[in-house]
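Worksheet for the structure shown next.
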Amino acid sequence: MVARGAANVWWLFDRKRQIVGRDNVIRSGIETDPKKARAIAKKAAHHMAIVVVESLRSKDFLSDEDTTDHLVLDIKPDVLAVMQDPEQSLIIASGHFGNWEVAGHWVSRFKPVAGVTRTMNNPLIESIVKKRKSRFRFRPIPKHDSNMGRFLEVLENKEFLALLFDQHAGEYGMMIDFFGHPASTFKTPPMLHLVTRTPLCFASCRRIGPMKFKICTSSLIHQPRSGNKNEDLKAILGSLNRDLEAAIRKDPTQYLWGHRRWRD
Amino acid sequence: MSDISKEKEIIGQLRGILEESSTKEPDWDNFGRNSTIESLGLDSLTILDLLYDIEEEIGVHLEAKEVLNITTLGELVDLLIKNGA
């Protein structure tokens, strides 16, 4: 209730995000009617507020051995085998869909997880998020850092590396279709896969009820090196974007539409 | 091929790769063994490009743990020679 109220106030005053969210929904083709698109964007804003509350409350069940009351799991067997193998690391690529925090903390029951984080604009949310992330076996690593090897270190330690790849990647990104429109997409997950041969998969965590989530993964993404780096990257990123689109289509109100994904 | 000419050849290959992939213009006048990895304009993302290109151009796969401690071009060249370049 409080989260919804806060989201309503924020929505009311952040006109820019309203427009970006609505226009992104229309651009994706999920909804063409501006009023319905705006409604989806508004629900998505509520969803983001709920994500924060859920992430705080989920510690109660994420620590339990039996999570069946709260989690429905659809983890592909090849991914599960890697998760359970102490000698293997895994790159988990995801987007700002559903509750990625819950997924990150659930997967840390297998092995420590490192995830790239950026500082939140709101100091209160930043302090909440910091406290939250230090629980379980989740280690935040900075988006920008002088330590060039920070991603490689995680994989070398046989830990999981969780990367959200769906924000505008700027000059380092590669233009890959997202809902049929080119979007600058982060190359980090596929580059790490191609260079280190670490297994890579897509994962999502969709809310299917109050404090109930469905965590899904793709099968492991196998992309043999062709010798043409750009073609290899395009193949992997295309696959990841399609997986993310499919997840979003299941419930468009759980996606961060307020982010300026397309900037042409 | 002598060690020195081998080293020269690899440095030339690395320069070619970096000319293609580096986001920052390195100081080519002083490009050599003592160039630091940082001065080459590499970061956590572009170093992955470099490793991919090294494998394609020079034919040597470097393990992540081997690369983590490298700070200069000379150390990278030594590592490549050690791995059969």
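Because the structure is predicted, anything quoted here is derived from the model rather than measured. Chain letters run A, B, ... following the sequence lines, proteins first, then strands; residues in each count from 1.
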Greater than 12 external heavy atoms within 6.0 Å of B:Asn34's CG: no
Between A:Asp232, A:Leu233, A:Thr196, the one whose heavy-atom pairs under 4.5 Å with chain B are most numerous: A:Asp232
Euclidean distance, B:Asp43 CG relative to A:Arg150 CZ, rounded to 0.5 Å: 8.0 Å
Engaged part of B:Leu45 at the chain A interface, taking heavy atoms whose separation is under 4.5 Å: both
Portion of A:Asn157 that has a non-hydrogen atom of chain B nearer than 4.5 angstrom: neither
Which atoms of A:Glu156 approach chain B - backbone, side chain, both or neither, heavy atom under 4.5 Å: side chain
Reported CD-to-CG distance for the pair B:Glu56 and A:Leu194, which is rounded to 0.5 angstrom: 9.5 Å
Heavy-atom proximity to chain B below 4.5 Å, by part of A:Leu192: both
N-O pairing of B:Glu57 and A:Lys229 below 4.0 Å: no
B:Asp53 portion near chain A, given a 4.5 angstrom heavy-atom threshold: side chain
If you look only at distance, which donor and acceptor atoms sit under 3.5 Å apart when one is on a side chain in residues 237-246 of chain A and the other is two or more places apart or in another chain?
unit_1: A:Asn241; atom_1: ND2; unit_2: A:Asp177; atom_2: O; d: 3.1
unit_1: A:Arg242; atom_1: NH1; unit_2: A:Gly238; atom_2: O; d: 3.4
unit_1: A:Glu245; atom_1: OE2; unit_2: A:Phe179; atom_2: N; d: 2.6

Backbone of B:Tyr52 reached by a side-chain donor or acceptor of A:Arg225 within 3.5 Å: yes
Greatest number of heavy atom pairs closer than 4.5 Å to chain B - which of A:Thr188, A:Thr198, A:Leu155: A:Thr188
Derivation and outcome, side-chain contact (heavy atoms from CB on, under 4.5 Å), residues A:Val195 and B:Asp49: CA-CA 8 Å; A:Val195 167; B:Asp49 280 293; over 6 Å; no
Separation between CD1 of B:Ile47 and CG of A:Leu152, rounded to the nearest 0.5 Å: 7.0 Å
